[in-house]
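One structure is given below, encoded as structure tokens.
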Protein chains: 2
Amino acid sequence: MTSDASTEQKPYHHGDLRRAIIETALDMLQEQKGWQFTLREIARRAEVSHSAPYRHFPDKTALLHELALIGFDRLREALVAALDPAADAPACLQALAYAHLGFGAANPDLYRLMFNADAGEPSDIHLDARTQAPFRLVIEVLERGQREGTIRSRSALGQATACWAHLHGLTMLAIDGRLVPEKVGDHAIEDALTTLLDGLLSGESAASGRSPERP
Amino acid sequence: MTSDASTEQKPYHHGDLRRAIIETALDMLQEQKGWQFTLREIARRAEVSHSAPYRHFPDKTALLHELALIGFDRLREALVAALDPAADAPACLQALAYAHLGFGAANPDLYRLMFNADAGEPSDIHLDARTQAPFRLVIEVLERGQREGTIRSRSALGQATACWAHLHGLTMLAIDGRLVPEKVGDHAIEDALTTLLDGLLSGESAASGRSPERP
DNA sequence: ACCTGAACACCGTTCAAGT
DNA sequence: ACCTGAACACCGTTCAAGT
């Protein structure tokens, strides 16, 4: 009678503390908005001492990095799920845009963390394939669109950077409550996306139903 | 002989501590990149006790708000300075874009703070006229461009939101070192701005020298 | 190999007391 | 009216000691 998962007092060794810490952190990130991220609170909630996490992460920013990478994995999944392989590039871009905005709205604190992790020092996280994966999706769609002729022929990398910056900026502004209708109108987000598409679509496909004029 | 500014030990009352705190904070924000903003360090540097700032700001976020507002004032000044009244709207937009990016690059920590102040709770800072002033500049240029015929006729508010999001996103990505040339190419920023302009310029003025193709 | 508890050097904030 | 100093409840991080 040394291990009964339900009634026993918890063992000295947690077993899989690393995973538990990460999951606890992600949970708290989703629950309490504006939570001041603190290692001690995570440890408390995971029912270990406040120094236990240091056996699994060298310091706080290491955990932050790990969470950010997981965030980028999830963003990529959300984007992939939004892509319809049968659709043409412009439709895909629109789907990507709404999926990106939706991800930010659903996980505001995680999203902020993703784009904030170690904002000070130079780190190699930005070069990680996982961090870059969502961005690569955008590139691929644009390149396909250029082959289809639906996307203006320009540097696809530049267009992808434009999309990425546009969506990131819009998501951040939305998360932070800066797109107040009183100042920015009721259709600001849709209209902003229209302008993004205006810049991407090749001459002919632009004027149609995709981007209605709203003068 | 009760007050000799140079040799006397400093008086019990600072005189204009509020202003001194703000200036010290701005200085430190510019000097040390990635500085963890702390009230106690500001007080130390201003040579007052760590509780003195509380006579002038109810709490830390109040100071943050004040600094953010000053940041928006300065951003507006930088943008205004970049505008050539003789230039047409597209040229103005390009000037605004580079001024915005330049401001972020020159004041990365202040810029981050501006768009981060009290990111948690709802606050009225986003409605402040000072916060909105730079955005209004963009609106005005776009409206003028629509009158000129150089800017596509769409909701100017939507176009302004698109510009704002695009520039904010690009600035943040640049500040955070996320636009690494290995992944994004050497001309990512210029190309991204080209795509932005592609979306804003009206049909005819687009193809010309403003936005060179770089396939 | 993994975890704890005390300890250290910090924070933000409050409050009686000083000038 | 403005400022100080001690005090409180927190952090992140380290390290000897426990299992």
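Reminder, nothing fancy here: chain letters follow the sequence lines and each chain counts from 1. Small disclaimer: the values here were computed from a predicted structure and weren't measured.
- Atom CZ of B:Arg19 and atom C1' of D:dC2 are 17 Å apart (whole Å).
- Between A:Asp109 and A:Arg112 there is a salt bridge, with a side-chain nitrogen of the basic residue lying less than 4.0 Å from a carboxylate oxygen of the acidic one.
- Between B:Ile21 atom CD1 and D:dC3 atom C1' there is a gap of 11 Å when expressed in whole angstrom units.
- Spacing between atom CZ of B:Phe57 and atom C1' of D:dC2 amounts to 14 Å, rounded to whole angstrom units.
- Between the CZ atom of B:Arg55 and the C1' atom of C:dC15 there is a distance of 9 Å, given to the nearest Å.
- Side-chain atoms of B:Asp176 do not come within 3.5 Å of backbone N or O of B:Arg178 as any donor-acceptor pair.
- The closest donor-acceptor contact from the side chain of B:Gln146 to the backbone of B:Arg152 lies under 3.5 Å.
- Rounded to an integer number of Å, the gap from NZ of A:Lys60 to C1' of D:dC10 is 12 Å.
- Relative to the side chain of B:Arg40, the nucleotides D:dG12, C:dT13, D:dT4 differ in distance, and C:dT13 lies closest.
- The interatomic distance linking A:Gln36 (CD) with C:dG12 (P) rounds to 11 Å, in whole Å.
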Check the pair B:His168, B:Tyr111 against side chain to side chain contact (heavy atoms under 4.5 Å, CB included), reporting the backbone distance first and the verdict last.
CA-CA 10 Å; B:His168 177 49; B:Tyr111 188 89; 2.8 Å; yes
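- Summarising the geometry, the separation between OH on A:Tyr54 and P on D:dA17 is reported as 21 Å, rounded to the nearest angstrom.
- The phosphate of D:dG12 has OP1 or OP2 within less than 4.0 Å of a side-chain N or O from A:Thr38.
- When the side-chain nitrogen and oxygen atoms of B:His56 are compared with OP1 and OP2 of D:dC3, one or more of them lie within a distance under 4.0 Å.
- In this structure, B:Phe37 reaches the sugar-phosphate backbone alone: every heavy-atom distance under 4.0 Å involves primed, P, OP1 or OP2 atoms, never a base.
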Under the 3.5 Å Watson-Crick or G-U criterion, the dot-bracket string of DNA chain D, with | for inter-strand pairs:
||.|||||...|||||.||
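- Ring pair B:His100/B:Trp164 is perpendicular by interplanar angle, where above 60° counts as perpendicular and below 30° as parallel.
- To the nearest 0.5 angstrom, A:Asp128 atom CG is 5.0 Å from A:Leu69 atom CG.
- Within the structure, a side-chain polar atom (N or O) of B:Arg44 is placed less than 4.0 Å from OP1 or OP2 of C:dC11.
- Remark: the B:Asn107 side chain and the B:Gln30 side chain contain an N/O donor-acceptor pair separated by less than 3.5 Å.
- Computed from coordinates, the A:Leu39 CG to D:dT13 P distance equals 6 Å when rounded to whole Å.
- Checking the phosphate oxygens (OP1, OP2) of C:dC15, no side-chain nitrogen or oxygen of B:Ser51 falls inside 4.0 Å.
- Residues A:His50 and B:Asp59 both approach DNA chain C. Their nearest nucleotides, taken by heavy-atom distance, put A:His50 toward the 5′ side.
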